[in-house]
Amino acid sequence: MKIATWNVNSLNVRMPHLKQWLAAAQPDVVALQETKLEDSKFPDTELAALGYRSVFSGQKTYNGVALLSRHDMPQNIVTDVPGLDDPQRRILIADVGDLRVANLYVVNGQAVGSEKYAYKLDWLARVTDYLANEAARHPNLVVLGDFNIAPDDRDVHDPAAWKDQILCSEPERAALRRLLDLGLLDSFREFHSNDGAFSWWDYRQAAFRRNLGLRIDLVLASQNLRPRFAGASIDLEPRRWERPSDHAPALLELNA
DNA sequence: ATGGTGGCAGAGCCA
């Protein structure tokens with residue numbers, strides 16, 4: 001089975017892209033971020049016609065997450081975690097088949113030292129505390145989404161320019177390591193050790209054409225699932241289409 | 001260079 005994450009940067013704008021990509025890539029589970037849709041406007045009927053059940057936690061204008069599943073209806077949904085009294089819709093955790101799937105749209109953080117940066121680190125700490133309980137309860141945990149953190153310098157097109165900048169700072173990387181220390185693997189790195197593999201490119205300055213990107217969209221999975229890993233990839237194709245999201249989908253393939 | 005591009009909303013915020 002294929003499990004994927006994609007920050008679509010407005011599902012209203014990107015619905016044609018999503019439909020084309022679902023048909024081409026045939027993923028079984030898809031975590032979406034930045035849907036920017038109130039729940040009453042989520043296109044669940046249209047997605048059901050394509051064979052996908054969907055659950056979602058959205059809001060107007062900003063944020064918004066969703067999980068699509070081709071087979072099992074997502075169950076036991078969590079959208080809020082203790083200690084985070086947060087109106088921003090960034091979390092959607094559900095059982096999908098024999099997996100516990102946590103879709104995260106991690107806070108961007110704007111700039112190191114800003115108020116939003118402090119919010120990002122606090123948010124990550126509290127979500128990690130909550131996911132520790134999920135990891136203890138569920139042997140097959142997948143935590144995926146837009147982490148807004150490049151795990152190490154291989155994930156950055158120009159590590160010198162980005163050193164200690166937002167998305168790359170040491171406190172952010174330490175917060176991500178603390179999440180991985182729950183017993184999770186960055187699945188992409190189980191298959192690829194090279195640099196230059198990115199999932200996000202700024203819309204400005206032809207960054208995608210020049211491959212000036214970062215790898216910030218991750219599929220983390222329990223070490224317990226390692227024997228089932230069949231491949232991991234980033235699909236660059238939808239980033240080449242007209243009016244694309246600034247992110248590309250990242251995928252993990254698991255054997256049954 | 002405090003720029004640049006895009007989405008939402010209809011000016012400024014967020015990424």
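Just the heavy atoms: all of them, side chains too, but no hydrogens, waters or symmetry mates, feed the values below. Letters A, B, ... are given to chains in the order of the sequence lines, protein chains preceding strands, and every chain is numbered from 1.
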Worksheet item: Is the cationic atom of A:Arg226 (NZ for Lys, CZ for Arg) positioned less than 6.0 Å from the six-membered ring centroid of A:Phe191 and within 45 degrees of its normal?
Response: yes

Discussion item. Ignoring hydrogens and geometry beyond distance, is a side-chain donor-acceptor pair present between A:Trp21 and A:Asp235 at under 3.5 Å?
Written reply: yes

Practice prompt. Establish, with yes or no, whether the OP1 or OP2 oxygen of B:dC14 is under 4.0 angstrom from a side-chain nitrogen or oxygen of A:Thr61.
Written response: no

Practice prompt. Could you state the atom-to-atom distance from CZ of A:Arg243 to C1' of B:dT5 in whole Å?
Written response: 12 Å

Worksheet item: Expressed in whole Å, how much space separates the P atoms belonging to B:dA1 and B:dG10?
Response: 35 Å

Worksheet item: Between the side chains of A:Lys36 and A:Asn9, does any donor sit under 3.5 Å from an acceptor?
Response: yes

Worksheet item: Which of the following nucleotides, B:dT5, B:dG7, B:dA15, is nearest to the side chain of A:Arg204?
Response: B:dT5

Worksheet item: Shared ILVMFWY cluster between A:Phe56 and A:Leu32, side chains joined below 4.5 angstrom?
Response: yes

Worksheet entry | Whole angstrom value for the distance that separates C1' of B:dA15 from CH2 of A:Trp200 | 8 Å

Worksheet item: Quick one: which of B:dA15, B:dA9, B:dG7 gets closest to the side chain of A:Lys60?
Response: B:dA9

Item to complete: Could you measure between the two P atoms, the one in B:dA9 and the one in B:dC14, and give it in whole Å?
Response: 14 Å

Practice prompt. Could you measure between the two P atoms, the one in B:dT2 and the one in B:dA11, and give it in whole Å?
Written response: 25 Å

Discussion item. Can you tell me which nucleotide in B:dA15, B:dG7, B:dA9 comes closest to the side chain of A:Tyr62?
Written reply: B:dG7

Item to complete: Take the protein atom NZ of A:Lys116 and the nucleotide atom C1' of B:dC14, then report the distance between them rounded to whole Å.
Response: 6 Å

Worksheet item: Please walk me through it: do A:Tyr119 and A:Ser114 pass side chain to side chain donor-acceptor pair (under 3.5 Å)?
Response: CA-CA 9 Å; A:Tyr119 167 55; A:Ser114 67; over 6 Å; no

Worksheet entry | Interatomic distance, A:Asp146 CG vs B:dG7 P [rounded to whole Å] | 16 Å

Worksheet item: In whole Å, what is the span from the CD1 atom of A:Ile166 to the P atom of B:dC14?
Response: 14 Å

Worksheet item: For A:Arg90 and B:dA15, is the shortest distance between a side-chain N/O and OP1 or OP2 below 4.0 Å?
Response: yes

Fill in: Interatomic distance, A:Asn108 CG vs B:dG6 P [rounded to whole Å]
18 Å

Item to complete: Using heavy atoms to find the nearest nucleotide of DNA chain B for A:Gln205 and A:Gln110 separately, return the residue whose nucleotide is more 5′.
Response: A:Gln205

Fill in: Proximal nucleotide (of B:dG7, B:dA15, B:dC8) relative to the A:Glu34 side chain
B:dA15

Item to complete: Figure out the CZ/P separation between A:Arg14 and B:dG6, and round it to whole Å.
Response: 10 Å

Worksheet entry | Selected nucleotide, minimal atom distance to A:Lys36 side chain, candidates B:dC8, B:dA9, B:dA15 | B:dC8

Fill in: Distance, rounded to the nearest Å, where A:Phe208 contributes CZ and B:dT5 contributes C1'
16 Å

Discussion item. Measuring to OP1 and OP2 of B:dG6, would you say a side-chain N or O of A:Ser10 lies under 4.0 angstrom away?
Written reply: no

